[in-house]
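Here's the structure, in structure tokens; my notes come after.
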Amino acid sequence: GDVNVQGDLAIESGAKLTGSVQAANVTIAGELEGNVVQATRVELTQSAVVIGDVRGATMTVVAGACMRGHAEFGWDEGKDPKTGKANTFAGKSLSS
């Protein structure tokens, strides 16, 4: 099922979680079949297996980790990470 915690979440080696994840800091050493929908920090350790999308402010991937999905990090809800200004394209905001 889905996991939504205020603090940190660790999926230990040998553990498997099926569902979406929302937590401050997410460390994955086991398996996640689902999306990390929001996190401040995401770390995929050497034994991590992720099938799904990952969205976080920062992301660390250790050699040996496996992931099949889309990763989005370094973006602050519609702001350009370089300038801090709203992302725009043809005068329209890119934030949803």
Side-chain angles (χ1 to χ4, degrees):
D2 297 342
V3 177
N4 183 354
V5 296
Q6 296 295 321
D8 301 341
L9 175 70
I11 302 172
E12 299 293 332
S13 182
K16 181 175 181 178
L17 173 64
T18 302
S20 67
V21 171
Q22 182 172 342
N25 298 303
V26 179
T27 303
I28 303 172
E31 296 182 41
L32 172 63
E33 189 172 332
N35 301 325
V36 177
V37 294
Q38 182 180 1
T40 301
R41 183 179 64 82
V42 178
E43 180 179 354
L44 305 183
T45 68
Q46 183 178 4
S47 57
V49 176
V50 177
I51 300 172
D53 298 338
V54 175
R55 182 177 184 185
T58 64
M59 183 173 176
T60 303
V61 180
V62 177
C66 297
M67 180 180 163
R68 180 173 286 147
H70 176 81
E72 183 177 325
F73 56 92
W75 297 93
D76 181 18
E77 289 304 310
K79 291 185 181 177
D80 184 303
K82 305 276 189 233
T83 66
K85 295 179 183 178
N87 288 316
T88 58
F89 180 74
K92 297 184 179 188
S93 175
L94 294 180
S95 60
S96 49

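These numbers come from a predicted model, not from an experiment. Sequential numbering from 1 along the given sequence is applied to the chain's residues.
With hydrophobic clusters built from ILVMFWY side chains whose heavy atoms lie under 4.5 angstrom apart, Met67 shares a cluster with Val21. Both Ile11 and Val5 are members of a single hydrophobic cluster when ILVMFWY side chains are connected at heavy-atom separations under 4.5 Å. Cluster membership for Leu17 and Val54, using ILVMFWY side-chain heavy atoms within less than 4.5 angstrom, is shared. Both Ile28 and Val61 are members of a single hydrophobic cluster when ILVMFWY side chains are connected at heavy-atom separations under 4.5 Å.
Listed here is the closest heavy atom pair of Met59 and Leu44: CE-CD1, 3.7 Å. Across every non-hydrogen atom of Val26 and Ala39, the tightest pair is CG2-CB, 4.0 Å. Across all non-hydrogen atoms, the minimal contact from Ala29 to Thr45 is CA-OG1, 3.1 Å. In plain terms, the two heavy atoms of Ala23 and Leu9 that are nearest each other are CB-CB, 4.0 Å. What you find for Val50 and Gly34 is that their closest heavy atoms are CG1-O, 4.5 Å. Between Asp53 and His70, the closest heavy-atom pair is OD1-N, 2.9 Å.
Here the OG atom belonging to Ser13 is positioned 9.0 Å from the CD atom belonging to Glu31, to the nearest 0.5 angstrom.
You'll find the side chain of Thr58 stays beyond 4.5 Å of the side chain of Thr40, heavy atoms only.
Judged by distance alone, with hydrogens and angles left aside, the side-chain atoms of Asp2 form a donor-acceptor pair with the main-chain N or O of Ser20 at under 3.5 Å.
Summarising the local packing, CD of Gln46 is surrounded by 12 or fewer heavy atoms from other residues, nucleotides or ligands at distances under 6.0 Å.
Not counting sequence neighbours, the partners of Glu43 by the side chain to side chain donor-acceptor pair (under 3.5 Å) test are Arg41. Residues satisfying the salt bridge (Lys or Arg N to Asp or Glu O under 4.0 Å) test with Glu12, not counting sequence neighbours, are none.
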